[in-house]
Peer 1: 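The structure follows.
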There are 2 protein chains.
Amino acid sequence: MPIGTDVDALLASHDISSTQQRRQIARILFARPQHLSAEQVLEQVNAEGYRVSKATVYNTLGLFSRKGLIREVVIDPSKVFYDSNTSPHHHYYNVSTGTLSDIDATDVVLAQLPTIPEATELEGIDVIVRLRNRD
Amino acid sequence: MPIGTDVDALLASHDISSTQQRRQIARILFARPQHLSAEQVLEQVNAEGYRVSKATVYNTLGLFSRKGLIREVVIDPSKVFYDSNTSPHHHYYNVSTGTLSDIDATDVVLAQLPTIPEATELEGIDVIVRLRNRD
DNA sequence: TTAATTGCAAACATTTTGCAGGTTC
DNA sequence: GAACCTGCAAAATGTTTGCAATTAA
């Protein structure tokens, strides 16, 4: 099964031209649902024997995120995570372990939303539930 | 009116010993409701003619935040904002301008919360409403 | 006076940039 | 072949650290 085809279609559907490096990075991001930092993406690409430069990883993640292929999750200022799950959902963040995990959108119900200020429109709502390990 | 007295009481009530630099930084943070980055705090302190080193600003903001005097708000990966409003509330983040503003807690009602995973306890919930300027 | 705090400068980590060379359509 | 993309190394952030000097209680 030509995995490359899927990735190409995915990139094309988001108006991203296909290159070796982008395919490689996309393959890793979409291999399974996960939250990866730029550094982890770089590691995994290189672990598979391919080589993509650091700058390209950053550029590509930024591009994917602008194009809506992945979603940036900002939780810890020291690192941005990229989430290949772009469907509406929220996150648990375990502050003891630094682990990020998904919360299904249906498990969080916002009964009431604040008014949206003049001249702006809603881009999205992030709910982050911070947890601590009980000791 | 001896402003210093208020700040001293504030620090003391949070179990923080009072020093010139800490008073100076607290004065700025509590002058009005605002969201400042470490760099902005440093600028404002220096603008008032006092001098506090960069390291002390970072140390002090971290200390204040650990002691519950201020709250860390992580939204923009490039910098942490410190919010002198520690009462429960959420944030608007205007992605077009990078501006952060408060949403009163009563304007956001979480009707349903996800279950808290085994062996962990809730540390807090952040709701970030991302806005975009309408063009 | 004795422990805590500060300033400095250097170290770090992460991300961005400039530009020469390579790739894609 | 023209526009776009990539790699490298250097630069730009933002934050932390080690340690000697200063300040607080």
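Numbers restart at 1 for each chain; the letters A, B, ... are given by sequence-line order, proteins then strands.
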Peer 1: List in chain and number order the residues that pass salt bridge (charged side-chain N to carboxylate O under 4.0 Å, His left out) with B:Arg130, two or more places apart in sequence or in another chain; answer none if no residue qualifies.
Peer 2: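 Per chain and number, B:Arg130 pairs via salt bridge (charged side-chain N to carboxylate O under 4.0 Å, His left out) with A:Asp126.
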Peer 1: Using chain B heavy atoms and a threshold of under 4.0 Å, write down where along DNA chain C the contacts begin and end, 5' to 3'.
Peer 2: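 It runs C:dT5 to C:dC8.
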Peer 1: So, does B:Thr56 use its side chain to make a donor-acceptor pair with the main chain of B:Val52 at under 3.5 Å?
Peer 2: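 No.
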Peer 1: With the criterion being N/O to N/O and under 3.5 Å, what pairs connect the protein with nucleotides 2-5 of chain D, and how long is each?
Peer 2:
| unit_1 | atom_1 | unit_2 | atom_2 | d |
| --- | --- | --- | --- | --- |
| D:dC5 | OP1 | A:Ser17 | OG | 3.0 |
| D:dC5 | OP1 | A:Arg22 | NH1 | 3.1 |
| D:dC5 | OP1 | A:Arg22 | NH2 | 3.4 |

Peer 1: Ignoring hydrogens and angles, state whether a donor on the side chain of A:Thr99 or A:Asn94 is under 3.5 Å from an acceptor on the partner side chain.
Peer 2: no
Peer 1: For the backbone of B:Ile28 and the side chain of B:Gln34, can you confirm whether one donor and one acceptor N or O come within less than 3.5 Å of each other?
Peer 2: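 Confirmed, B:Gln34 side chain pairs with B:Ile28 backbone.
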Peer 1: Listed in order of residue number, which residues of residues 44-52 of chain B have a non-hydrogen atom at under 4.0 Å from DNA chain C?
Peer 2: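 Heavy-atom cutoff 4.0 Å gives B:Arg51, B:Val52.
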Peer 1: Quantify the bending of the helix from C:dT1-D:dA25 to C:dC25-D:dG1 as the angle between its end axes, each fitted on five pairs, to 10°.
Peer 2: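 The angle separating the two end axes equals 40°.
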Peer 1: Measure from the side-chain N and O atoms of B:His14 to the backbone N and O of B:Lys67, and report whether any donor-acceptor pair falls under 3.5 Å.
Peer 2: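 The answer is yes, because a donor-acceptor pair under 3.5 Å joins these two groups.
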Peer 1: Does A:Ser13 use its side chain to pair, donor to acceptor, with the backbone of A:Leu10 at less than 3.5 Å?
Peer 2: yes
Peer 1: Could I get the full list of side-chain hydrogen bond (donor to acceptor under 3.5 Å, both in side chains) partners for B:Gln24, not counting sequence neighbours?
Peer 2: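 Residues passing side-chain hydrogen bond (donor to acceptor under 3.5 Å, both in side chains) with B:Gln24: B:Glu48.
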Peer 1: What pairs of donor and acceptor atoms, side-chain ones from residues 104-111 of chain B against any protein atom, are under 3.5 angstrom apart with sequence neighbours left out?
Peer 2:
| unit_1 | atom_1 | unit_2 | atom_2 | d |
| --- | --- | --- | --- | --- |
| B:Asp104 | OD1 | B:Thr106 | N | 3.1 |
| B:Asp104 | OD1 | B:Thr106 | OG1 | 2.7 |

Peer 1: Under the rule for side-chain hydrogen bond (donor to acceptor under 3.5 Å, both in side chains), what residues qualify as partners of B:Glu123, not counting sequence neighbours?
Peer 2: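 side-chain hydrogen bond (donor to acceptor under 3.5 Å, both in side chains) check on B:Glu123 returns A:Arg132.
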Peer 1: What residues, two or more places apart in sequence or in another chain, satisfy side chain to side chain contact (heavy atoms under 4.5 Å, CB included) together with B:Thr86?
Peer 2: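 Side chain to side chain contact (heavy atoms under 4.5 Å, CB included) list for B:Thr86, sorted by chain: B:Arg71.
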Peer 1: Starting from the 5' end of DNA chain D, give me the residue, A:Ser53 or B:Ser18, whose nearest nucleotide shows up first.
Peer 2: A:Ser53
Peer 1: In the 5'-to-3' direction, what one-character label does each nucleotide of nucleotides 12-17 of chain D receive under the scheme B = base within less than 4.0 Å of a protein heavy atom, S = sugar-phosphate only, - = no such atom?
Peer 2: --SBBB
Peer 1: Do B:Thr120 and A:Asn133 have side-chain atoms, one donor and one acceptor, less than 3.5 Å apart?
Peer 2: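 No, no side-chain donor-acceptor pair sits under 3.5 Å.
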Peer 1: Measure the spacing between OH of A:Tyr93 and CD1 of A:Ile128 and express it to the nearest 0.5 Å.
Peer 2: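 One finds 10.0 Å between OH of A:Tyr93 and CD1 of A:Ile128.
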Peer 1: What's the spacing between B:Arg23 CZ and B:Asp8 CG if we round to 0.5 Å?
Peer 2: 5.5 Å
Peer 1: Checking B:Ser17 now: which residues fulfil side-chain hydrogen bond (donor to acceptor under 3.5 Å, both in side chains) with it, not counting sequence neighbours?
Peer 2: B:Arg22
Peer 1: What pairs of residues pass the ring-ring contact (aromatic ring centres under 6.0 Å, His included) test when at least one of them lies in residues 35-70 of chain A, not counting sequence neighbours?
Peer 2: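 Found A:His35-A:His91.
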